[in-house]
Asks: 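Dropping a structure here in structure tokens format, bear with me for questions.
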Amino acid sequence: MAKKFANTNPAFGLAAASIDLDRVTNPDFPEINKVPLADIHPNPNQPRKTFDEAELAGLAASIDAHGLKQPILIRRRAEGGYMLVAGERRFRAHQLLGRDNILAIIVSDREDVEVTALVENLQRVDLTPVESGRGLVRLQERALAKGEKLTQEDLARFIGKSQSEVTRLLNIVKLPETVLVEYEAIQKEVSKSALSELLGIDDEAVTMRLWDMIKNGASVAELRKAKAAFQVDDNPAPEAAVAPRAAPIERARKQWRTMATSLSKHEIRPEDLSSDDMDDLRRLRDVITRIIGD
């Protein structure tokens with residue numbers, strides 16, 4: 001695995017770009033060519049789905065001034081030409097510059113093109129959290145198709161991120177589809193920290209309320225405060241004033257819920273109870289009756 005992905009290392013790209021040859025061939029060295037842009041076809045499974053035009057223009061200006069520092073990766077197609085494996089931003093920047101050719105590393109037909117593209121892209125810092133999360137899921141799917149399993153620890157090692165970051169990205173793509181679709185349209189206005197505040201919520205209605213707050217410009221601090229309030233109340237109504245709860249009830253709420261859940265899981269008959277059990281239950285009944293009435 002390490003040998004397979006060594007060819008995508010940026011350091012290798014810099015070394016390759018400095019070679020003053022149009023073509024290098026060696027059984028133990030990848031093939032490097034100046035390839036016509038017209039012969040290169042996009043990869044339909046490209047992990048990146050959005051391309052910022054201003055950023056592309058900036059990359060094009062940098063390439064024009066300083067040259068291409070890292071070749072793109074391509075693979076020969078059976079029907080002719082090449083498929084772009086990795087480096088679509090560099091490819092598009094060359095198109096903007098009106099260049100005819102681009103320096104490319106031609107990977108072997110034996111390479112798993114999608115895996116190579118996914119790993120190369122996931123190691124970059126400019127993917128959105130949603131793009132990164134979907135890329136990680138796709139890596140797991142590719143492994144399963146081959147009868148293998150990639151753990152979160154494996155994924156973290158492959159892309160050079162912490163395991164906690166991998167967990168966060170995988171959870172982000174489990175958010176409601178409405179959130180994921182709308183996020184793609186306003187991603188520059190939503191911080192990763194704000195998006196992460198939507199995680200760990202079991203109630204989709206609460207998730208959507210928080211998402212509406214994010215779209216309206218709520219700060220992370222405001223989101224955390226609202227999230228805590230929503231999770232205390234199963235049926236929050238943020239638009240209306242909420243009457244304060246009696247402090248003793250608030251303190252006992254969690255214990256009562258736990259007790260109710262535990263008792264509901266078992267069929268308990270009066271004959272199963274001791275006299276002490278019965279006395280305790282009667283006292284509890286009397287307390288509840290005194291609070292809420294008959």
Side-chain angles (χ1 to χ4, degrees), residues 47 49-50 127-141 144 150-153 155-156 161-268 284-285 287-288 291-293:
K49 301 303 179 185
T50 58
L127 287 183
T128 71
V130 174
E131 288 172 334
S132 295
R134 285 174 170 160
L136 290 171
V137 170
R138 188 63 185 143
L139 274 179
Q140 289 181 318
E141 291 173 345
L144 284 175
L150 284 180
T151 65
Q152 292 186 9
E153 184 179 359
L155 292 171
K161 295 183 185 293
S162 67
Q163 189 170 340
S164 61
E165 174 67 1
V166 167
T167 300
R168 186 178 72 91
L169 293 171
L170 289 173
N171 285 331
I172 281 176
V173 294
K174 295 177 183 177
L175 290 170
E177 189 62 25
T178 299
V179 172
L180 299 180
V181 171
E182 292 181 351
Y183 170 76
E184 290 300 322
I186 60 172
Q187 57 184 270
K188 289 188 175 297
E189 303 168 21
V190 180
S191 70
K192 292 181 180 179
S193 297
L195 193 63
S196 295
E197 288 303 316
L198 300 180
L199 303 180
I201 301 173
D202 295 329
D203 190 334
E204 184 170 328
V206 172
T207 301
M208 297 311 298
R209 283 191 175 100
L210 290 174
W211 176 239
D212 285 338
M213 290 180 62
I214 290 174
K215 291 189 291 184
N216 289 323
S219 67
V220 172
E222 290 170 332
L223 291 169
R224 287 175 181 168
K225 184 176 180 180
K227 182 177 179 179
F230 289 157
Q231 290 178 325
V232 167
D233 190 346
D234 289 337
N235 298 290
E239 298 82 4
V242 179
R245 298 190 182 94
I249 297 294
E250 187 64 32
R251 288 195 294 270
R253 176 181 295 274
K254 185 174 181 180
Q255 294 176 345
W256 287 358
R257 285 179 173 174
T258 301
M259 181 175 64
T261 300
S262 177
L263 291 175
S264 67
K265 292 180 179 178
H266 304 279
E267 183 180 349
I268 302 175
L284 179 59
R285 179 196 60 192
V287 169
I288 294 173
I291 296 172
I292 66 174

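Please read all numbers here as calculations on a predicted model, not as lab measurements.
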Asks: For E182, which residues count as a side-chain hydrogen bond (donor to acceptor under 3.5 Å, both in side chains) partner, sequence neighbours excluded?
Replies: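 W211, K215.
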
Asks: At their closest point, which heavy atom of A226 faces which heavy atom of L210, and how far apart are they?
Replies: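 Looks like CB-CD2, 3.9 Å.
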
Asks: State which residues pass side-chain contact (heavy atoms from CB on, under 4.5 Å) with L150; sequence neighbours excluded, sorted by chain then number.
Replies: L139, Q140, A143, D154, L155, F158

Asks: Who are the side-chain contact (heavy atoms from CB on, under 4.5 Å) partners of E197, not counting sequence neighbours?
Replies: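 If we apply the side-chain contact (heavy atoms from CB on, under 4.5 Å) test to E197, skipping adjacent residues, the hits are V220, L223, R224, K227.
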
Asks: Who passes side-chain hydrogen bond (donor to acceptor under 3.5 Å, both in side chains) against T167, sequence neighbours left out?
Replies: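 For T167, the residues satisfying side-chain hydrogen bond (donor to acceptor under 3.5 Å, both in side chains) (neighbours in sequence not counted) are Q152.
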
Asks: Let me confirm one number: the CG-CG distance from N171 to L198, rounded to the nearest 0.5 Å.
Replies: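 It comes to 12.0 Å.
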
Asks: Taking side-chain hydrogen bond (donor to acceptor under 3.5 Å, both in side chains) as the definition, give me every residue that meets it alongside S196, ordered by chain and number, with sequence neighbours left out.
Replies: R168

Asks: May I ask you to check whether over 12 heavy atoms, not counting those of E204, lie within 6.0 Å of atom CD?
Replies: no

Asks: Which atom pairs, donor and acceptor, lie under 3.5 Å between side-chain atoms of residues 172-179 and protein residues at least two apart or in another chain?
Replies:
none

Asks: Using 0.5 Å steps for rounding, measure from the CD atom of E222 to the CG atom of N216.
Replies: 10.5 Å

Asks: Where do S132 and L169 come nearest, in terms of heavy atoms and distance?
Replies: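 Heavy-atom minimum between the residues: CB-CD1, 3.9 Å.
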
Asks: Can you sort out the partners of S162 under side-chain contact (heavy atoms from CB on, under 4.5 Å), two or more places apart, ordered by chain and number?
Replies: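 Expected list: S164, E165.
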
Asks: Rounded to the nearest 0.5 Å, how far apart are NZ of K188 and OG1 of T128?
Replies: 10.5 Å

Asks: Partners of E141 by side-chain hydrogen bond (donor to acceptor under 3.5 Å, both in side chains), sequence neighbours excluded?
Replies: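 If we apply the side-chain hydrogen bond (donor to acceptor under 3.5 Å, both in side chains) test to E141, skipping adjacent residues, the hits are R138.
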
Asks: At what distance, to the nearest 0.5 angstrom, does CE of M208 lie from CD1 of I214?
Replies: 10.0 Å

